[in-house]
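When a residue number appears, it is its place in the shown sequence, counting from 1. We count ligands from 1, going down the list as the structure has it; atoms in each ligand are counted the same way. The figures here come from the full heavy-atom set of this structure, side chains too, leaving out hydrogens, waters and symmetry mates.
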Amino acid sequence: MMRAQNLTKTFNPGTPIENRALRGLDLDIPTGQFVTVIGSNGAGKSTFLNAISGDLAVDQGSIHIDDNDVTRQNAWQRAGLVARVFQDPMAGTCEGLSIEENLSLAWQRGARRGLRRAVTPALREEFRARLSTLKLGLESRLSDRMGLLSGGQRQAVSLLMASLKPSRILLLDEHTAALDPRTAAFVLELTDQIVADGKLTTLMVTHSMRQALDHGDRTVMLHQGRVVLDVSGEERARLDVPHLLAMFEQTRGETLDDDALLLG
Ligand SMILES: Nc1ncnc2c1ncn2[C@@H]1O[C@H](COP(=O)(O)OP(=O)(O)O)[C@@H](O)[C@H]1O
Ligand SMILES: [Mg+2]
């Protein structure tokens, strides 16, 4: 369960470049639900994910993950609860370390002790088994440097790393946006599989309305730092892309009016 209540975040307050990125954002995600998130550029999607992961402290509001009030915890303190995959295939893994060293670091996510890269034989077998589920042949390349892998392979490994240890919420921030269409489709399929296998509570940001409707159980649209659309069940099943696009345009039109002065 993840509960975000009345989150606000203003960047550069009181300056000419003041930016109210989150403006009272509420979102409640029950355990095991897979939510897709859409919204135009600057809607606050990444800021919201950064607030959940603790990479960013909110000004007001609260965030609960299960029974934990994590609002004032930093990213490191929440690391055992939150797993994450970024848009940039380079961001989630260390290119200078081997595949198994990267997996080893992920294996220790949220652990109290200092991080160790060393891999025991038993752990190596575990990694081999997990890697083989990707069907990319990476199980025979454990000691290859991460930097040798393609973007799609790196995202697949990032996903595996994010799901290696249990977490309470998985955050995916446009994690297929930098990939070519075929690789993106593969990584999305893998995402569905990993989320289903682990019954993971998941928040996936995507640029694609099609992806937003085809994946997960529920779709929310953010606009100007708030949730402006929240659909699931039958209503969502009936929704098609043109319909969603129309709602997207309508929201933008309506809220732009009331901010017209700010936008000049
Ligand atoms: N670190 C930051 N400093 C200043 N402004 C920021 C920062 N991060 C995001 N913003 C601004 O906050 C708004 C929301 O950004 P973001 O959450 O990245 O949007 P999205 O991911 O929906 O495209 C944008 O106007 C962006 O320029
Ligand atoms: Mg973003």
The single option from L171, N74, I63 that satisfies side-chain contact (heavy atoms from CB on, under 4.5 Å) with S53 is L171
Atom 1 (N) of ligand 1 has as its nearest protein heavy atom F11 CE2, 3.6 Å
Any heavy atom of D173 under 4.0 Å from ligand 1? The part involved is neither
Taking only non-hydrogen atoms of N41 and a 4.0 Å limit, the atoms of ligand 1 in range are 23 (O)
Out of S46, A51, A21, the nearest non-hydrogen contact to atom 21 (O) of ligand 1 is supplied by S46
Exercise. Is a side-chain donor or acceptor of K45 paired with a backbone partner of V37 at a separation under 3.5 angstrom?
Worked result: no
Of H223, K45, Q224, the one whose closest heavy atom lies nearest atom 22 (O) of ligand 1 is K45
For side chain to side chain contact (heavy atoms under 4.5 Å, CB included), just list the numbers for M161 and T93, CA-CA rounded to whole Å, side-chain angles, deciding distance to a tenth of an Å, and then say yes or no. CA-CA 9 Å; M161 285 166 66; T93 49; 3.6 Å; yes
If you measure every N/O of F48 against every N/O of ligand 1, is any gap under 3.5 Å? no
Note: ligand 1 atoms sitting under 4.0 Å from heavy atoms of S40 are 22 (O)
request  = State, yes or no, whether a side-chain contact exists between L203 and L27 at a heavy-atom distance under 4.5 Å.
outcome  = yes
Note to self: Between R145 and N102, do the side chains contain a donor N or O and an acceptor N or O under 3.5 Å apart?
What the structure shows: no
Of all protein heavy atoms, the one nearest atom 11 (C) of ligand 1 is N19 ND2, 3.4 Å
Counting C-beta onward and ignoring hydrogens, is there a side-chain heavy-atom pair between T201 and M1 closer than 4.5 Å? no
Any nitrogen or oxygen of N12, side chain or backbone, less than 3.5 Å from one on ligand 1? no
Near G44 (heavy-atom distance under 4.0 Å), the atoms of ligand 1 are 14 (C), 17 (O), 19 (O), 20 (P), 22 (O)
Contact region, T47 to ligand 1, non-hydrogen atoms below 4.0 Å, reads both
Separation between CG (L131) and CG (L136), nearest 0.5 Å, reads 9.0 Å
Would you say that W107 contacts V119 through its side chain, given a criterion of any heavy-atom pair below 4.5 Å between the two side chains?
no
(message) Test your reading of the structure: does G42 have an N or O sitting under 3.5 Å from an N or O of ligand 1?
(response) yes
I'd like to know: is the Mg ion (ligand 2) within the 2.8 Å range of an N/O/S atom from Q87, strictly under that distance? no
(Q) If you define the side chain from C-beta out and look only at heavy atoms, does anything of T251 sit under 4.5 Å from L229? (A) no
